[in-house]
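Read the structure below first, then the notes.
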Amino acid sequence: MSRFFKDILPLRHDPESDGLAYRHYDPDELILGKRMEDHLRFAVACWHSFAWEGGDPFGGRTFDRPWFGETMEHARLKADIAFEMFEILAIPFFCFHDADIRPEGASFAESRRNFEEIIDLFAEKMSAGNTRLLWGTANLFTHRRFMAGAATNPDPDVFAWSAATVKLCMDATHKLGGQNYVLWGGREGYETLLNTDLVRERNHAGRFLQMVVDYKYKIGFEGTILVEPKPQEPTKHQHDHDVAAVYGFLRDFGLETEVKINIEQGHAVLAGHSFEHEIALAASLGVFGSIDMNRNDYQSGWDTDQFPNNVPEVALAYYEILKAGGFTTGGTNFDAKIRRQSLDPKDLVAAHAGAMDVCARGFKAAVAMLEDGTLEALRAERYAGWDTPEAQAMLESDLARIANRLESDGVDPQPRSGRQERLENIVNRFV
Ligand code: XLS
Ligand code: NI
Ligand code: NI
């Protein structure tokens, strides 16, 4: 029995349950020839579940956890409880930042030793259980040294600190067999141009990412390097605004075949996009990697990082992921936190269980929509005019020849319905 989760038993698939169970998520159910667990590849995010204390801009800690404290003893207890929850959920993956799992030391070397000791403990626990590492990452945003950025900091010493930290976190991710390494540039942006050298900052961020890719090859890390876009928050203008901006950035630095993108639902919404738009765009550019699954409150306009509970939204996201061929090294990371009034251990487990069920329902709906084929057929029909040899030849032509042909053939476009409501009605049959 767990010290923290007390009488909470390991969750099972039980559609009839009225307690803590998976009513829709069944890891072993075969879908399109693959187990549901292997399609969805769920992960717990250590920062929200075990490091976040329940604070908001107006108040501090609301959670009372026995592992809160800046000693190694606390860190070891935190690791124990985290792995207990992974077992209760029977979740296949987890993700972490260095700062989530170790106390900050008085020097870089002390922080490194603290971190390496916990990584060794993680390695032991992982070999005794079934939970693997989806991705590791470095926290280059919480400590005040990063207030003006990490790789984009005007102070070269902070660039150096960031490089050493990422090296350490990549080594740890490699050691634990992580499937990806993520970079989210929380502070890689700026508040005002009055104090910012935009060009230099962008160049430093690009050079930093090139060094990350070089280091991946140097140590033989076979996972995927992922960048996670976010348009604002914490800084006002972020260099990694959305998928389109990150793709342009990768192209600029020759990294578009080396680095892929980790797309977060809440960040997509903050950027003024839908989640499925970001996924479809990344897939079309060959840079789709993984997802951070959560949900923002649509009224508050900031990154509330709630657990997903909107099946139709989730279904449209998985529909695009399936069309892109599904995950390879990526997965569904719950970058989500319980609300600050959700004090009980049970709230933490129920949040993940509910989110996994929501994703399972959305995923199954997506599979059904794809197998049904009506949506794809109607989309293809909308563009069918382009399948003719004349239309294709126009793409090899030029403006003057096209203009001539328009008049000589008497071309006269006839508007046709986009049928949006009918398409939405079709989606509604499946969700
Ligand atoms: C914050 C980000 C962060 C990354 C990992 O908004 O989502 O949690 O996923 O650093
Ligand atoms: Ni986020
Ligand atoms: Ni995230």
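All values derive from a computational prediction rather than experimental measurement. Counting starts at 1 for both ligands and their atoms, in listed order.
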State whether the side chain of Asp357 and the backbone N or O of Tyr25 hold a donor-acceptor pair below 3.5 Å, judged by distance alone.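 Flag set: sc Asp357 to bb Tyr25 pair under 3.5 Å.
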Would you check if the side chain of Arg23 reaches a backbone N or O of Ser17 as a donor-acceptor pair within less than 3.5 Å?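 The answer is yes, because a donor-acceptor pair under 3.5 Å joins these two groups.
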Determine, for [X] against [Y], whether the closest basic-nitrogen to carboxylate-oxygen distance falls under 4.0 angstrom.
{"X": "Arg3", "Y": "Glu84", "result": "yes"}
{"X": "Arg102", "Y": "Glu117", "result": "no"}
{"X": "Arg145", "Y": "Asp157", "result": "no"}
{"X": "Arg113", "Y": "Glu110", "result": "no"}
{"X": "Asp303", "Y": "Lys230", "result": "yes"}

Between Phe93 and Phe42, is the ring centre distance below 6.0 Å?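 Ring centroids of Phe93 and Phe42 are no less than 6.0 Å from each other.
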Which N, O or S atom name in Asp303 marks its closest approach to the Ni ion (ligand 2)?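 Asp303's closest N, O or S atom to the Ni ion (ligand 2) is named OD2.
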By atom name, which N, O or S atom of His267 is the nearest to the Ni ion (ligand 2)?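 Atom name returned: NE2.
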Residue portion contacting ligand 1 (non-hydrogen atoms closer than 4.0 Å) for Asp303: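 Just the side chain.
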Could you tell me whether Glu233 approaches ligand 1 through its side chain, its backbone, both or neither, with non-hydrogen atoms closer than 4.0 Å?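 Looking at Glu233 and ligand 1, no heavy atom falls under 4.0 Å.
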Flag Asn262 as yes when one of its N or O atoms lies below 3.5 Å from any N or O atom of ligand 1, and as no otherwise.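 No; the residue has no nitrogen or oxygen that sits under 3.5 Å from a nitrogen or oxygen of the ligand.
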Once rounded to 10 degrees, what value does the angle at the Ni ion (ligand 3) take between OD2 (Asp335) and OE2 (Glu228)?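 The two atoms subtend 160° at the Ni ion (ligand 3).
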Nearest to atom 8 (O) of ligand 1, what protein heavy atom do you find, and at what distance?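 That would be Asp335 OD2, 2.9 Å.
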Atom 2 (C) of ligand 1: the protein heavy-atom neighbour that sits closest, reported with distance to 0.1 Å: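 In this structure, atom 2 (C) of ligand 1 has Glu228 OE2, 3.3 Å as its nearest protein heavy atom.
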If the cut-off is 4.0 Å to any non-hydrogen atom of [X], which atoms of ligand 1 fall inside it?
{"X": "Asp292", "value": "9 (O)"}
{"X": "His97", "value": "5 (C), 10 (O)"}
{"X": "Lys230", "value": "1 (C), 6 (O)"}

Run through Phe430, Tyr318, Tyr319 and flag the one making a ring-ring contact (aromatic ring centres under 6.0 Å, His included) with Phe363.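 Of all the options given, the one that passes is Tyr318.
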So is Val182 touching ligand 1 or not, going by heavy atoms under 4.0 Å?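 In this structure, Val182 fails to qualify as a contact of ligand 1 - no heavy atom is under 4.0 Å.
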Would His48 count as a contact of ligand 1 if the rule is a heavy atom under 4.0 Å away?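 No, that is not the case, since the closest heavy atom of the residue is not under 4.0 Å from the ligand.
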At less than 2.8 Å, would any N/O/S atom of Glu264, backbone or side chain, sit next to the Ni ion (ligand 2)?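 Coordinating: yes.
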Any idea which N/O/S atom from Asp292 gets closest to the Ni ion (ligand 3)?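 It is OD2 of Asp292.
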Is a side-chain donor-acceptor pair under 3.5 Å present for Asn296 with Asp305?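 Checked: Asp305/Asn296 side chains show no N/O donor-acceptor pair below 3.5 Å.
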